[in-house]
Number of protein chains: 2
Amino acid sequence: MQRSMGILGTRWKPIIIYTLRDRKARFGQLDALIENISRKVLTSSLKELEEDGIILREEFKELPPRVEYALTEKGKALIPIMCQLAKWNEEYYEEPAPLIL
Amino acid sequence: MQRSMGILGTRWKPIIIYTLRDRKARFGQLDALIENISRKVLTSSLKELEEDGIILREEFKELPPRVEYALTEKGKALIPIMCQLAKWNEEYYEEPAPLIL
DNA sequence: TAAAGTAGTTACCTTTGCGTAACTATCAAA
DNA sequence: TTTGATAGTTACGCAAAGGTAACTACTTTA
């Protein structure tokens, strides 16, 4: 478990994996699909996920350049887990009590 | 997903939940069961998990004092997810290549 | 020659996560 | 009165995570 969390224990990485669950995506698409993530964190997270064998980066020698990110087998194995995590929130989420000023 | 990760997206919280999957535990037990966690992070993580309705803190008015932590229903719903995450690592873990000096 | 599109990078800064070590409170027992 | 046990807290500081904004590189199209 400690090792799993060494790889995934950040706010954004599971969200990136979840976003790639049913499609490849290009850098700009990920940036657009994931609200509030900064390009910088996206870059570094993608790089680390690639190093950990979870995603694959495919570069097309075109103009303008195109790069696609997709899950590896190891990454695909996480899809059901990520989906359950999303479902868990839907089931148990409660609006925070409104602040009365 | 963003909300799930707002609650769980740290290195230690999922490990704490995983540790409580099959037992209640006292503060000192958690400190001993979870290798390398510091008491400070344990304290603050437990507090936040309680605020998020994932664990329950039960204080016994004894001497010496005793406090037990256990998962709530919301927390128990995470058990299968955490177990899958642990299993995922066992399946896909590879020893890092040894450094040759 | 300048704009437009893609995929970043870089510099700089703030916040959060986390660690270590020492300290606190309470009461019982020695 | 000192020790021991439990469950923390506090002070201090480092490193990682994350944000913003401006900039780069390449080539096509206007």
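Each chain gets a letter, A, B and so on, in the order its sequence line appears, and its residues count up from 1. Keep in mind that what you see is a predicted model, and the values were worked out from it rather than measured.
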How is [X] classified with respect to the nucleic acid when contacts are heavy atoms under 4.0 Å: base, sugar-phosphate, or nothing?
{"X": "B:Lys47", "value": "sugar-phosphate"}
{"X": "B:Arg39", "value": "base"}
{"X": "A:Tyr69", "value": "sugar-phosphate"}
{"X": "B:Asn36", "value": "sugar-phosphate"}

Kindly point out which of D:dG18, C:dT6, C:dC18 is positioned nearest to the side chain of B:Thr10?
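Nearest to the side chain of B:Thr10 among the choices is C:dC18.
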
Practice task
Measure from the side-chain heavy atoms of A:Lys40 and tell me the nearest of C:dC12, D:dA7, D:dA5.
Solution key: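 Comparing C:dC12, D:dA7, D:dA5 against the side chain of A:Lys40, the answer is C:dC12.
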
For atom [atom1] of [X] and atom [atom2] of [N], their distance in whole Å:
{"X": "B:Leu33", "N": "D:dA7", "atom1": "CG", "atom2": "P", "result": "13 Å"}
{"X": "A:Leu8", "N": "D:dA16", "atom1": "CG", "atom2": "P", "result": "18 Å"}
{"X": "A:Lys61", "N": "C:dT6", "atom1": "NZ", "atom2": "P", "result": "18 Å"}
{"X": "A:Gln29", "N": "C:dG8", "atom1": "CD", "atom2": "P", "result": "13 Å"}
{"X": "A:Glu62", "N": "D:dA25", "atom1": "CD", "atom2": "P", "result": "22 Å"}
{"X": "A:Trp12", "N": "C:dT16", "atom1": "CH2", "atom2": "P", "result": "14 Å"}
{"X": "B:Leu46", "N": "C:dC18", "atom1": "CG", "atom2": "P", "result": "13 Å"}
{"X": "A:Phe27", "N": "D:dC26", "atom1": "CZ", "atom2": "C1'", "result": "17 Å"}

query = CD1 of B:Ile7 to CZ of A:Arg11: how many Å apart, nearest 0.5 Å?
reply =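 Here the rounded value is 10.5 Å.
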
Are any of [X]'s side-chain N or O atoms less than 4.0 Å away from OP1 or OP2 of [N]?
{"X": "B:Arg66", "N": "C:dT26", "result": "no"}
{"X": "B:Arg26", "N": "D:dA5", "result": "no"}
{"X": "A:Arg11", "N": "D:dA17", "result": "no"}

*Considering non-hydrogen atoms only, spot the tightest contact between A:Pro14 and B:Met5 and give its length.*
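Minimum heavy-atom contact is CG-CE, 3.3 Å.
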
Do B:Tyr92 and A:Leu56 share a hydrophobic cluster (ILVMFWY, side-chain heavy atoms under 4.5 Å, transitive)?
->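 Unlinked, B:Tyr92 and A:Leu56 end up in two clusters.
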
(message) Check for me whether A:Arg26 meets the cation-pi criterion with A:Tyr69, that is, NZ or CZ under 6.0 Å from the six-membered ring centre and within 45 degrees of the ring axis.
(response)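 Judged by the rule, A:Arg26 and A:Tyr69 form no cation-pi pair.
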
Review point. Does the side chain of B:Leu20 come within less than 4.5 Å of B:Ile16's, by heavy atoms?
Key: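 Heavy-atom side-chain distance check passes, below 4.5 Å.
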
